[in-house]
Amino acid sequence: MLFLLFQLGQDRYALQASRVIEVLPMVDLKKIPDAPNGVAGLFNYRGRPVPAVDLSELTLGRPSDARFSTRLIVINDPDDTGRLHPLGLIAARATEIIQRESGEFVEPGLKLTGAPFLGPVLMDSRGVIQLVHEQRLLPEHARDLLFCETLEQTQ
């Protein structure tokens with residue numbers, strides 16, 4: 001199984017590569033007034049407005065650094081009905097892919113109720129990599145705001 005690696009602060013994290021649509025260089029975002037914590041704004045993805053979540057702001061309380069290696073990871077995020085919505089994840093150093101068996105990730109031994117998106121961990125020669133369950137990143141009220149649809153869009 002392939003995993004895309006990225007960093008938040010000094011720590012490394014992984015996403016299942018099968019969930020990733022595309023990894024893009026950072027783009028300008030349109031800010032959203034009164035957006036939930038971590039929602040950085042909207043960007044134009046192939047002619048469609050797509051929300052972007054800053055993983056550093058969401059998890060560490062500070063925006064991602066504006067670096068050359070900061071990327072916009074576009075994923076398919078399913079809603080409660082199973083319909084997929086594109087979502088951008090802003091992360092640093094999203095430039096490496098590894099291949100591992102999913103069973104190589106093990107439970108870390110603690111459960112953080114405030115961070116339900118943090119999954120099992122993998123140890124390698126450089127330290128710990130923690131799996132991120134991207135579908136658990138946003139609280140339900142934030143997901144409802146970002147993925148709401150008007151009657152006209154569904155007809």
Minimum side-chain heavy-atom gap [X]-[Y] below 4.5 Å:
X	Y	result
Ile32	Leu42	yes
Leu89	Ile75	yes
Tyr45	Val74	yes
Val53	Leu87	yes
Leu122	Leu131	no
Phe6	Thr95	no

>> If the threshold is 4.0 Å, N to carboxylate O, is there a salt bridge linking Arg71 and Glu96?
In response: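 Between Glu96 and Arg71 there is no salt bridge, as every charged N stays at least 4.0 Å from the carboxylate O atoms.
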>> Closer than 4.0 angstrom, basic N to acidic O: yes or no for Glu57 and Arg62?
In response: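 So Glu57 does not pair with Arg62 through a salt bridge.
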> Any donor-acceptor pair under 3.5 Å linking the side chain of Glu134 with the backbone of Asp77?
Replying inline: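 Not at all, since once roles are kept as given, no pair shorter than 3.5 Å links the two residues.
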> Between the main-chain N or O of Ala40 and the side-chain N or O of Asp54, is there a donor-acceptor pair closer than 3.5 Å?
Replying inline: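 Such a contact is absent between Asp54 side chain and Ala40 backbone.
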Rounded to the nearest 0.5 Å, what's the gap from [atom1] on [X] to [atom2] on [Y]? Could you check?
X	Y	atom1	atom2	result
Gln130	Leu8	CD	CG	10.0 Å
Ile129	Tyr13	CD1	OH	11.5 Å
Leu55	Ser64	CG	OG	7.0 Å

How close do [X] and [Y] get, heavy atom to heavy atom, and via which atoms?
X	Y	result
Lys31	Pro33	O-CD, 3.7 Å
His133	Pro120	NE2-CD, 3.9 Å
Gly9	Leu60	N-CD1, 3.5 Å
Pro51	Pro86	CD-O, 4.1 Å
Leu29	Met26	CD1-CE, 4.2 Å
Ile73	Ala94	CD1-CB, 3.8 Å

According to a hydrophobic-cluster definition based on side-chain heavy atoms being under 4.5 Å apart (Ile, Leu, Val, Met, Phe, Trp, Tyr only), do [X] and [Y] belong together?
X	Y	value
Met1	Leu5	yes
Leu4	Ile90	no
Leu84	Ile21	no

> In terms of heavy-atom contacts, does CZ of Arg19 have more than 12 from other residues, nucleotides or ligands at under 6.0 Å?
Replying inline: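 Yes, CZ of Arg19 has more than 12 neighbouring heavy atoms, counting only those of other groups under 6.0 Å.
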Would you mind writing out the side-chain donor-acceptor pairs for residues 97-105 within the sub-3.5 Å range, not counting sequence neighbours?
from, atom 1, to, atom 2, distance (Å)
Glu104, OE2, Glu101, N, 2.9

> Please walk me through it: do Phe117 and Thr59 pass side chain to side chain contact (heavy atoms under 4.5 Å, CB included)?
Replying inline: CA-CA 10 Å; Phe117 51 87; Thr59 59; 3.4 Å; yes
>> I'd like to know whether Val106 forms a side chain to side chain contact (heavy atoms under 4.5 Å, CB included) with Val121, so could you lay out the CA-CA distance, the side-chain angles of the two residues, the decisive distance to 0.1 Å, and finally the verdict.
In response: CA-CA 5 Å; Val106 297; Val121 298; 4.3 Å; yes
> Step by step, would you call Phe43 with Leu72 a side chain to side chain contact (heavy atoms under 4.5 Å, CB included)?
Replying inline: CA-CA 10 Å; Phe43 68 101; Leu72 194 54; 3.7 Å; yes
